[in-house]
Trainee: 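Submitted below is the structure of interest, expressed as structure tokens.
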Amino acid sequence: MAHKAVEIEPVEFMEHFFPLPWEKMPAGNNPLGMCIPKETIPRWSASVFKDLKGAEKLAEKEVQRRFVAAIRTSNLAPGLSFAELQYRPDKGDISGQRVDSAFFPAGREPDDGRPHWADQLVPVEFKIHTRSKDPFDDGPNSKLDADAEPRKEVRGQLIDYAERIFRYQHRTALFMLLVMGRRFRFLRWDRSGTIVTESVDYYENSQILCEMLWRMSKLSKEELGCDPSATRINADDSLYASMDDVASPVASDLDHSNRVLDEMPEAPYVFRYVRDMFRQSLAPEWPRYRLEIVQGQQTFHFLVGKPLFFATGMAGRGTRGYVAYDLLRKRFVWLKDAWRAHYELVDQEGTILRQLNEDGVRNVPTLVCHGDILGQTTQTPSFWEMQNQRPKESVPAVRPLGPPPPPPPSVSSTTSSPTRVADPEFFLSGPRGRKRSWHEMEEDNTPSLSGKKHRTWVEDCPLRRHTHYRIVVEEVALPLKEFRSGRQLVSLIIDCVVAHMDATEKSKVIHRDVSGGNILIFPQITSRANRLLVKSRGLLADWELSKPVSNQQGGPRGRRLERVGTWKFMSVAVLCDMGKVVETSDELESFFYVLLYYAIRYLRSNCTDVGAFIEHLFDDYSHYDGEYVCGMRKKELMKGLDGLTTVSGKAIKFQSKPLDDLFQNLLASFKAHYVVQARKTWEVARSQPSSISAIPPKPQAADDDPDFYGEFHYNDVKIVIRPRREKKAPRIPTQEEKVDAGNVASHKAMIGLLGAAQTTAGWKADRVYGDNVPDNYKPQHKVGHADTASEATVKRRKLESELAIWRGGSSMLPHIPPPRKGATYF
């Protein structure tokens, strides 16, 4: 989801988000009508920013130096400390990002010139006084999210800063100050978008900026956007030492390799990789927190450090995954923190997972607890609605000092009644469809602080509301990329197809987001043939996009008018039709893509340019009628027009022949499936009465009389008028194709096909050490489009997300020598 902005007046922003102390006090707690006397509200000299009169001609560093001096000299933000941070990145931060300045709690400002993302309260960025450095456009007929590349780069830079603070800290919102020469904007970020003030000349209108800063300094951390359900654990806290203790290596911890055990270990046992991952999360440069989840009458507490997984970008769910320590049960668990899409009649993931557990669905996570967090919802959509659903009232540029007028209703941040984008582990990801344009607006005559006319929006709200949510499960699993062989990869896929089958049959739920990130490896001790085995099984996780299956009217019914799923692994049918209901055949096709993706990326084959292969097959797209649809390469593969070949056209061969045979059988089955479906769709359409013939003819108007038209005589010109030909009907499938299509029409048939390959002789030690896609691979096609952040920003996020997810720590795989450069195996 592209990040979108809503523009409001600075005074309106201040009244909503920086309320005065008496405005925050509920009436029931203020029976005497207490009011802070107007004399206690500071009066600021008109010369506060006298040294910045010529700021439109100053260099960025000089603007920063003089602005910082003005803040400190006049003590514009009492109770906060202001620090310059642009000299060095944080230790361990591979991005190298550093914001210019920031406000910190009093006495806690750093002195080493590093950004200290974990501690900032309000970041401040400086730019020179030029239109090209303003990421937003106040023009009445302009698009607020400016499209010019330099302006997009600045906006992408600000998004990066906000994203980084949300990643290090636990936030509901973030305020940011942008200073551009002699002008400023305040911004408020949440997971739906950005609320931004109009650009104002702070030299001419110094009172408004001074009052905003003063009010801001009176806010609590919670009012500044810090999440009250997350308690920071400092180094002198006893819980800090407890986290170090449980992270220390224990001799009795188990290796997770597939093997035979002599005896059952004493419970509760811990696999070594779980404690290792928790220890890796206690990086010294990352903060530690105690997170809480309230479920019914019980409150659960979990200790976390650095997330082992994080979704890139600001707008959206912002999912983070942690190996957490359960303070109640004294054991490691997996905790997911996300901002789920707020839809009516849509169950929480934990509610669905509990049902799966109760119904005995195999190979899914086991729920511990879950819940929405303190009713926290994103507020940007509410402001969009206020801007669009009520007449715009005139707001004074600077409110006179003294007792304020009655405040507007407060909107709290913590209460509440591919274009291709970066995708963790998968270096490119596709779009979910075009969002409506924000430049569809009209003018009104209300003057603004900047001297511009207001926008009057004329579209439905394009911003999605999100609710803060946490879920905890028992299984701390490994990512799918940690599989050890092609044979094990097939086995893990089988386990997850079984989970999908159980869910649809026992719980009447369909997953709708089968992807590599949602298939995990979970080692467990099991008994087979009187032997104790450590055996890994596949786990189908992340059920938040799932929906009930209806047995009526031909299957499951959609509930959102949008695509859901992960672009790389979505079926051709779904990618070609945004409104298509996801069916079992679509999900089985997604399992095929997961198998192919991980095989080509992590197994030995004769494909020498794996990055290009993945980009052309998994990340490609076409643009048709305003929508992003399936790319040609994937459609050709499914239709059998092109086999499994490299970009240069060479047939792909894997080191293990059973895998080659499996892909050949699967491709033949999916090709037959699409032949059968094409004919079936045509027959259904043919049997339906024409909608045109059902429209009664209207009475003939005078203009329809042929005598009203001119006469044309071209007897010397020979013309041929041919009747329009009807579209050729899809051919009738052969009996063999019907049989092949049956292989991918049901779970059991697919399991049988995969199982037959798994038990076939001829599997090799075919896993490469590391990744067939080099770290420095550069996409060959343009990433991003006019409505996204700049191409450089998207590429940086892609690289960062890949390096941060599992590459940052040691692999759990045994050392396998990498293939010799240019080596062949056949």
Side-chain angles (χ1 to χ4, degrees), residues 1 191-192 229 292-298 300 311 316-321 333-378 381 416-417 432 464-475 496 499-515 517-520 539-553 555-566 574 579-584 586-587 590:
M1 176 181 172
R191 289 296 182 183
S192 290
S229 72
E292 71 176 36
I293 300 175
V294 177
Q295 182 174 277
Q297 300 300 315
Q298 187 171 7
F300 298 83
R317 295 194 291 270
T319 305
R320 291 178 289 183
V333 292
W334 180 258
L335 184 150
K336 183 169 76 171
D337 181 287
W339 288 78
R340 67 183 185 90
H342 184 89
Y343 290 101
E344 297 293 334
L345 305 178
V346 175
D347 290 329
Q348 299 167 326
E349 181 183 4
T351 301
I352 297 167
L353 195 54
R354 177 182 289 114
Q355 186 64 51
L356 298 179
N357 293 160
E358 292 175 353
D359 292 338
V361 174
R362 292 167 286 180
N363 304 328
V364 297
T366 306
L367 179 68
V368 174
C369 65
H370 74 111
D372 290 337
I373 306 302
L374 300 179
Q376 296 167 357
T377 61
T378 53
S416 172
S417 6
R432 306 217 174 185
R464 181 182 299 163
R465 194 179 308 277
H466 292 268
T467 297
H468 196 189
Y469 177 74
R470 293 188 184 121
I471 181 172
V472 177
V473 298
E474 289 184 3
E475 294 83 1
C496 292
H500 196 278
M501 176 180 67
D502 280 1
T504 57
E505 294 179 356
K506 297 179 179 180
S507 302
K508 307 302 180 185
V509 167
I510 190 166
H511 190 281
R512 299 205 308 164
D513 188 20
V514 172
S515 64
N518 293 339
I519 295 178
L520 305 174
L539 211 62
L540 186 57
D542 290 342
W543 291 81
E544 59 186 302
L545 297 181
S546 63
K547 63 178 284 290
V549 175
S550 170
N551 290 322
Q552 300 178 359
Q553 299 182 2
R557 301 174 63 85
R559 67 183 173 202
R560 304 176 195 160
L561 188 58
E562 61 183 32
R563 280 192 201 98
V564 293
T566 303
V574 172
K580 184 187 183 304
V581 171
V582 177
E583 302 175 83
T584 295
D586 297 307
E587 301 274 72
S590 294

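Because only heavy atoms are used, hydrogens play no part in the values below, and waters and symmetry mates are left out as well, while side chains stay in.
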Trainee: Quick check: do Asn357 and Leu353 have side-chain heavy atoms less than 4.5 Å from each other?
Mentor: yes
Trainee: Between OH of Tyr469 and CD of Gln376, what distance do you get to the nearest 0.5 Å?
Mentor: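 It comes to 14.5 Å.
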Trainee: Using side-chain contact (heavy atoms from CB on, under 4.5 Å), reason through Ile510 and Lys547 one step at a time and then give a plain yes or no.
Mentor: CA-CA 6 Å; Ile510 190 166; Lys547 63 178 284 290; 3.6 Å; yes
Trainee: Looking at every non-hydrogen atom in both residues, tell me the closest pair between Lys506 and Gly360 and how far apart they are.
Mentor: NZ-O, 3.2 Å
Trainee: Between Ala499 and Leu540, which heavy-atom pair has the shortest distance, and what is it?
Mentor: CB-CB, 4.0 Å
Trainee: Check whether any side-chain heavy atom of Glu475 lies under 4.5 Å from a side-chain heavy atom of Trp334, and answer yes or no.
Mentor: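 The answer is no; the side chains never approach within 4.5 Å.
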Trainee: So Thr378 and Arg464, side-chain contact (heavy atoms from CB on, under 4.5 Å) or not? Walk me through it.
Mentor: CA-CA 9 Å; Thr378 53; Arg464 181 182 299 163; over 6 Å; no
Trainee: Can you check whether Ser546's main-chain N or O pairs, donor with acceptor, with Asp513's side chain at less than 3.5 Å?
Mentor: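 Not a single qualifying donor-acceptor pair exists.
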Trainee: Run through Arg340, Gln348, Lys336, Arg512 and flag the one making a side chain to side chain donor-acceptor pair (under 3.5 Å) with Glu544.
Mentor: Lys336
Trainee: Measure the spacing between CG of Leu356 and OG1 of Thr366 and express it to the nearest 0.5 Å.
Mentor: 10.5 Å
Trainee: Test Val472 against Phe300 for side-chain contact (heavy atoms from CB on, under 4.5 Å), laying out the working first.
Mentor: CA-CA 10 Å; Val472 177; Phe300 298 83; over 6 Å; no
Trainee: Minimum heavy-atom separation for Val473 and Leu367, please, with both atom names.
Mentor: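 Val473 and Leu367 have their closest heavy atoms at CG1-CA, 4.4 Å.
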Trainee: Please report the closest heavy-atom contact between Trp543 and Ile352, naming both atoms and the distance.
Mentor: O-CD1, 3.7 Å
Trainee: When you look at Thr467 and Asp372, which way does the side chain to side chain donor-acceptor pair (under 3.5 Å) test go after all the steps?
Mentor: CA-CA 7 Å; Thr467 297; Asp372 290 337; 5.4 Å; no
Trainee: For the backbone of Arg362 and the side chain of Asp502, can you confirm whether one donor and one acceptor N or O come within less than 3.5 Å of each other?
Mentor: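 Pair found, side chain donor or acceptor close to backbone of Arg362.
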Trainee: For Leu545 and Arg317, work out which heavy atoms get closest and say how close.
Mentor: CD2-NH1, 4.2 Å
Trainee: Can you tell if the side chain of Pro365 reaches within under 4.5 Å of the side chain of Leu539, non-hydrogen atoms only?
Mentor: yes
Trainee: Answer yes or no: is there a side-chain heavy-atom contact under 4.5 Å between Asp586 and Lys580?
Mentor: yes
Trainee: Does the side chain of Arg470 come within less than 4.5 Å of Ile373's, by heavy atoms?
Mentor: yes
Trainee: When rounded to the nearest 0.5 angstrom, what distance separates SG in Cys496 from CD1 in Ile519?
Mentor: 4.5 Å
Trainee: Could you state the interatomic distance from CG (Leu335) to CD1 (Ile293), rounded to the nearest 0.5 Å?
Mentor: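 Result: 5.0 Å between the selected atoms.
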Trainee: Over all heavy atoms of both residues, which pair between Asp359 and Ser507 is shortest? Give the atoms and the distance, please.
Mentor: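 Smallest heavy-atom distance, with atoms named: OD2-OG, 2.6 Å.
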Trainee: Have a look at His500 and tell me which of Glu587, His511, Glu505 forms a side chain to side chain donor-acceptor pair (under 3.5 Å) with it.
Mentor: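 The single option meeting the side chain to side chain donor-acceptor pair (under 3.5 Å) with His500 is Glu587.
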Trainee: Would you please test Ser192 and His466 for side chain to side chain donor-acceptor pair (under 3.5 Å) and show each step?
Mentor: CA-CA 7 Å; Ser192 290; His466 292 268; 4.7 Å; no
